[in-house]
Structure formats: structure tokens, C-alpha cells
Amino acid sequence: VRALFCHGDSARAVLCDYTPLVERISIDEAFAGVACCGRLLGTSEQIAELISTNKVDFAIATGSQDLFSHLTLMPIYHWHRIVLVPKGHELAKNPKPIDLKTLANHPLVTYVFSGTGESSFKRAFREEGLEPRVVFTARDADIIKTYVRMGMGVGVIASMAFECADREDLVAIDASELFPRVTTWLG
């Protein structure tokens, strides 16, 4: 997805042409017939509890690796965050790269934080002496996008969650320099 920011509209156009050819289904629908997948989403603490009580055999997560120290963890992919605003929003019109101080001045909508583990999102602000104004959280990027479209706040989501259809009314602003790279792993 980083390449989309580097190569501009030509790469986006290719993805937009081919994405509709792939039927979109949710992760729950994709794994509905798999008996071991009764619980697919949760915080790092919830997933660790499922692992420790043998209710699931493996986890795919991006949260605190300390909760899974007894597992062998294999990185699956790395990703960055983007800032998401409606077209016409003041941040969409700003030609300068966004910074955390600017972002801290806006109500934010982002993913649910882990209950006890440290969040790289919060840490990035804290290291700059800032406090993010998180007004809503959600587990799903589509819910965050809905809140952004409703004007509830500025979204901060995974870059790969920004889809071609979102370009009709939303603007993605690269935030890879603001927050650390995130690793999704299998354990």
C-alpha cells in the first residue's frame, strides 16, 4: 500500500479496476465453516485468554507480543497508518505533511486500544508531549470510516483498509512518519 502513495494515481487506477472483480466477504463469512474459529476478533487480552484456555489453537494479532511469550510468533506482514478525512476537510487541503501536533487538535476516531498493553498510537503522541483526543474507537475500519463520513472526527486506520471506493468521498493522508510500523503476526 505504501507504493500507492509513491506511485500515485496509476497504481490506484489498476487496483480500482481489478478490486471489484474479487467478491468482498467478511472474515467471519470466509471462515464460517471452520469449526475452530468461533471467535475471530478481540483485543490482545481477549485473544491471549482464548489461547491460554485452549479455546483456539492459534492467533493472528497486532497487539502486545508480551501476552503471547509462550508462543512462537511469525510475522505475516507490516503496515502503517493513514489519516482519513472527508474531501473538503481542512487537513485534505493542507499541502504540508501532517504532524502529530496538528492531529492532536482534532477529535480522532481509531481502533480499540488494548486494555493493559501499551499502544504505539498513544506512545507516539506522548513522546511529543501531546494527548490525542480520541472520541470514538471501533474494531473495524469500515465503522471508523462511517464515523469520519458522519463528521464525528478524523480517522486513523491501517493503510490497507483504504479502498478504491473510499476515494469518492474520503482523502487518505500518509501517516507513516508519525507512527511506528505495525507488524501483524501469527502465533
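Atom set for the values below is all heavy atoms of this structure, side chains included, hydrogens, waters and symmetry mates excluded.
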Could you walk me through whether Tyr111 and Ile144 pass the side-chain contact (heavy atoms from CB on, under 4.5 Å) check? CA-CA 8 Å; Tyr111 297 111; Ile144 295 169; 3.7 Å; yes
Can you check side-chain contact (heavy atoms from CB on, under 4.5 Å) on Glu90 and His106, steps first, answer last? CA-CA 11 Å; Glu90 64 182 275; His106 294 273; 3.7 Å; yes
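For the pair Ile60/Trp185, no side-chain contact is recorded, criterion being any heavy-atom separation below 4.5 Å from C-beta on. Leu84 places none of its side-chain heavy atoms less than 4.5 Å from the side chain of Val171. Counting heavy atoms from C-beta outward, Leu186 and Leu73 have side chains that stay 4.5 Å or more apart. Using a 4.5 Å heavy-atom threshold, the side chains of Phe179 and Phe125 count as touching. Side-chain atoms of Val134 and Val109, non-hydrogen and from C-beta on, never get closer than 4.5 Å to each other. Side-chain atoms of Thr183 and Trp79, non-hydrogen and from C-beta on, never get closer than 4.5 Å to each other.
Judged purely by distance below 3.5 Å, without hydrogens or angles, the side chains of Thr102 and Asp99 pair a donor atom with an acceptor atom. Of the N and O atoms on the side chains of Ser120 and Arg81, at least one donor lies less than 3.5 Å from an acceptor on the other residue. With 3.5 Å as the limit, one finds no donor-acceptor pair spanning the side chains of Ser159 and His80.
Thr110 OG1 to Lys122 NZ: the interatomic distance, rounded to the nearest 0.5 Å, is 10.5 Å.
When all heavy atoms of Val148 and Val154 are compared, the closest pair comes out as CG2-C, 4.1 Å. The two atoms that bring Ile173 and Val85 nearest to each other are CD1-CG2, 4.1 Å, heavy atoms only. Smallest separation of non-hydrogen atoms from Phe162 and Ile157: N-CD1, 4.4 Å. Between Leu178 and Ile98, the closest heavy-atom pair is CD2-O, 3.5 Å. Closest non-hydrogen pair, Val135 versus Met152, comes out as CG2-O, 3.6 Å. Between His89 and Leu91, the shortest heavy-atom distance links the atoms ND1-N, 3.0 Å.
Between Asp140 and Lys145 there is no salt bridge, since no side-chain nitrogen of the basic residue lies less than 4.0 Å from a carboxylate oxygen of the acidic one. Ion pairing between a basic and an acidic side chain is recognised when a charged N comes within 4.0 Å of a carboxylate O; Lys55 and Glu49 show no such pairing.
Counting non-hydrogen atoms of other residues, nucleotides and ligands closer than 6.0 Å to CZ of Arg149 gives a total above 12.
Remark: Phe136 engages Tyr147 in a ring pair (Phe, Tyr, Trp, His ring centres under 6.0 Å) (not counting sequence neighbours).
In this structure, the side chain of Asn105 engages the main chain of Lys101 through a donor-acceptor pair within 3.5 Å.
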